[in-house]
Number of protein chains: 2
Amino acid sequence: MAPRAASKTAESSDKVSVICRALRRAIIEQALEPGAKLPEDSLGERFGVSRTIARHALGQLAAEGLIELRRNRIAVVATPSWQDARDAFDVRIQLERLVVRHLAGKLTKAQIAELNAHVDAEDRARGGSDPVSIRLATEFHILLAHMTNSPILIRYVSEIAYRCCLTLSLFSRPHSSECAINEHRAIIAALVRGDEEKVMSLMHSHLDSVAGRALVTPVPQRGRDLLDILAPYAEEAEGGRVVKLPKAARGR
Amino acid sequence: MAPRAASKTAESSDKVSVICRALRRAIIEQALEPGAKLPEDSLGERFGVSRTIARHALGQLAAEGLIELRRNRIAVVATPSWQDARDAFDVRIQLERLVVRHLAGKLTKAQIAELNAHVDAEDRARGGSDPVSIRLATEFHILLAHMTNSPILIRYVSEIAYRCCLTLSLFSRPHSSECAINEHRAIIAALVRGDEEKVMSLMHSHLDSVAGRALVTPVPQRGRDLLDILAPYAEEAEGGRVVKLPKAARGR
DNA sequence: GCTCATCAAAGTGCATGCAATTCGTGCGCA
DNA sequence: TGCGCACGAATTGCATGCACTTTGATGAGC
C-alpha cells in the first residue's frame, strides 16, 4: 500500500519544497546568476510566505551547494571556483558511469519513449540562448538517473548536475546545444543496444566537451530586481496561483 | 585575504551545525537507533535552543538522509531498506574509488602519520561493542576523503559513509572491528606504495565484507528516554558547557 | 580631494505564540 | 474479550516580534 517512496529525499513541508524547486529552476535557467543576492524577506514576499519558510528553503539549497550562506549575511547564489568545477565533473562522471551500468540494455519501451520525448523537447527548445534549453539538457541526465530507481543515485546525480549547470553559467560560452542534443541521442541509442562501454565513452566525452570548452569569461551581471526575476517562477510554483504582492517594494 | 572556504558545505549558523554534528554522532554511534523519534521540543530543550533551531537542524539531517521527515509527524532516525543499503554501497564504492585515485602515491608524510594515528586510535577503541570504534571505522574513510581536498568528494563520501554506517546498525551483527582495522592498515600501505589497483581491490573487498556479512536481524529497540540518550552528545557539543535543563521533563 | 568615524536602514538570528494536525488512551458497545 | 470512537494531550506548521550585526551613506577632519 505504501507507494514505495523512491524520490523525495528530504523536501520536508510543501511550501519549503515549492520554493526550493522554483529557486533551483531560476538558478539553472540563469535567471539568477552566481552572486545574486537572496534576502529572506524578498523571497518570503515573492512566494507569499514568512521569512521562516524562506530561510528554511535557503538552508536546503545551501546543503545542495547551490547557494552560499554566511552568518549574518545575505544568501547569495553560489559562485563555484574553477577548481570546484573540475572536482564536480570528476565526481559526476563516476556517478553517471554508475547510472549507465544500471541502465545499459535494461531500458523498457516506455523509458525509451520517455527519453526520446525528452530529447525531442530539447530539440524544440533549441538555441543556446533559450534558458529552457539549458535546463532540459541538464534534466536529461537527471531523467536517466531517475530510471535507475536508486534514490541515492537520483539525489546525487541531480544535485551535481545542477551544480555543474551553475558552473557553466559562470565559465562557459552560451552553451551550444545542438551538439549536446546529438550526443544525447547517441547515448540513448547505445543504452538501448546495451553497449555499456560505448555509452561510457560517449558520456565521458559528452560531459568533457561541455566542461572542456569552458573559458573564463567575466560574469555578465545584469542587475535586475529580484522580485521581477522570480515572478514567473513564483507563479508556476503554485500551479498558476499568483501569490499576493501587497506592497510593491519595487526598485529596492 | 579570504581564507579559501574549502570545507563547510552548508552548516549555516553555529547552533544549527552544532546540533547536526551531535545528532550525527549519536546516530552513527547507535545511541539513536533507526526509527528513534526526535521531537523538536525535546531536541531544543536538550541543546538549549528553541524549536526553530532544532527544526532547522532536522531539515539539514533530512537532506543528508540520516533522518526522515514527514509532514505533521515526528522526525525519526532513518530506517533504510535493504535495497537502499545495496544502492548506497554501490555508489560508495565508486566514490571511494575516486578518492583512491586522488590519493594513490601522493600522500605526504604528515598525512601518512595522520592515517596511522587514526588506525591506532581504532585499535585502542577496539571491540565491536564500543560505539566509538564503529564511529572511528567510518571516520577513517572520511579522513581519506578529506585528504583529497575536493569539497564535493568530502561531502558525498562523508554523507554516504554515515548512511552506510546507519544501515549497518540495522542489518549487521555487532561489527567485528579487528578485521576492519587490519584492512585499513593494508589500505594505507597500498596507498603509500601508490599501488592504485591494489587499493581498489582492497577497498572493494573491505566495503563488501562489511556489507556482505550483514544479516537481517530484527531491530533490538531499547526504548530509552531521548533526553538521557542525548545528554553526553549535548555536553560535548558546546565544549563541555552543559546546557540548561529547566524543567526535568523526565520519563515522557 | 581623500580618509575615517558615526549612525540610520536593512537584514539576519532566534524565540515565542497560535492554529492545525496527529497520537494515544479510555470509554462505550457489541 | 474485542473493536471502534471520540476527546484531550502532544506535536508540528507557520508567522511575527525583538535584538544584534552588517552595510553603506553622510559628514567632519586632514
Side-chain angles (χ1 to χ4, degrees), chain A residues 2 10-20 23 35-62 67-77 223 225-227 230 237-238 243-252, chain B residues 1-2 8 10-20 23 35-62 67-77 223 225-227 230 237-238 243-252:
Chain A
E11 303 295 80
S12 56
S13 57
D14 252 8
K15 295 195 183 177
V16 170
S17 62
V18 164
I19 297 179
C20 281
L23 286 182
K37 293 180 181 175
L38 302 169
E40 295 171 0
D41 332 318
S42 307
L43 290 176
E45 184 182 339
R46 175 44 88 199
F47 290 98
V49 299
S50 76
R51 278 204 311 122
T52 308
I53 305 305
R55 182 185 185 73
H56 205 87
L58 288 175
Q60 296 296 309
L61 292 173
I67 72 173
E68 278 162 21
L69 237 38
R70 274 152 54 213
R71 189 178 174 88
N72 280 319
R73 290 230 172 36
I74 301 180
V76 295
V77 176
D225 184 70
L226 181 64
L227 287 175
L230 285 180
E238 202 76 32
V243 295
K244 69 164 189 266
L245 249 187
K247 37 183 163 180
R250 183 55 44 79
R252 50 185 308 268
Chain B
M1 205 51 17
K8 280 227 142 203
E11 302 297 81
S12 56
S13 57
D14 251 8
K15 295 196 183 177
V16 171
S17 61
V18 164
I19 297 179
C20 281
L23 287 183
K37 292 181 182 177
L38 302 169
E40 295 173 359
D41 338 317
S42 306
L43 291 177
E45 184 182 341
R46 175 45 87 200
F47 291 97
V49 299
S50 77
R51 278 205 311 122
T52 308
I53 305 305
R55 183 185 185 72
H56 206 87
L58 288 175
Q60 297 296 309
L61 291 173
I67 72 173
E68 277 162 21
L69 237 38
R70 272 153 55 214
R71 190 178 174 86
N72 280 320
R73 290 235 173 31
I74 301 180
V76 295
V77 176
D225 183 69
L226 181 64
L227 287 175
L230 285 180
E238 201 79 31
V243 294
K244 69 165 191 264
L245 252 185
K247 36 185 165 180
R250 183 56 46 79
R252 51 183 307 268

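Every chain is numbered from 1 and lettered A, B, ... according to where its sequence line falls, protein lines coming before strand lines.
Closest contact between the side chain of A/N72 and the listed nucleotides C/dC14, D/dC14, D/dT22 involves D/dT22. You'll find that the side chain of B/R71 is closest to D/dC14, out of D/dT12, D/dC14, C/dC14. Of the candidates D/dT11, C/dA15, C/dG24, the closest approach to any side-chain atom of B/K37 belongs to C/dG24. Looking at the side chain of A/V49, the nearest of the listed nucleotides C/dA15, D/dA15, D/dG13 is D/dA15.
For the pair B/R70 CZ and D/dG13 C1', the interatomic distance rounds to 16 Å; values are reported in whole Å. Atom CG of B/L38 is separated from atom P of D/dA10 by 19 Å (rounded to the nearest Å). Atoms CZ (B/R73) and P (D/dG13) sit 11 Å apart, rounded to a whole Å. The distance between atom CD1 of A/I74 and atom C1' of D/dT23, rounded to the nearest whole Å, is 9 Å. One interatomic measurement links the two molecules: CG of B/L69 to P of D/dC14, which rounds to 12 Å at whole-angstrom precision. Following rounding to the nearest Å, A/E40 (CD) and C/dT12 (C1') show an atom-to-atom distance of 6 Å. At whole-Å resolution of the value, CZ in B/R51 and P in C/dG17 are 12 Å apart. Between A/D41 atom CG and D/dA15 atom P the separation is 13 Å, expressed in whole Å.
On a pure distance criterion of 3.5 Å, no polar donor-acceptor pair joins the side chain of A/R55 and the base of C/dG11.
Of all heavy-atom pairs spanning B/A54 and B/L43, the tightest one is CB-CB, 3.9 Å. Shown here for A/A57 and A/C20, the closest heavy-atom pair between the two residues is O-SG, 3.7 Å. Heavy atoms only, all atoms of each residue included: B/L69 and B/A62 are closest at CD2-CB, 3.7 Å. Among all heavy-atom pairs drawn from B/I67 and B/A75, the shortest one is CD1-CB, 4.3 Å.
Checking A/L58 against A/T52, the closest nucleotide of DNA chain C that is more toward the 5' end is the one next to A/L58.
Without hydrogens or angle criteria, A/Q60 side chain to A/S17 main chain gives no donor-acceptor distance under 3.5 Å.
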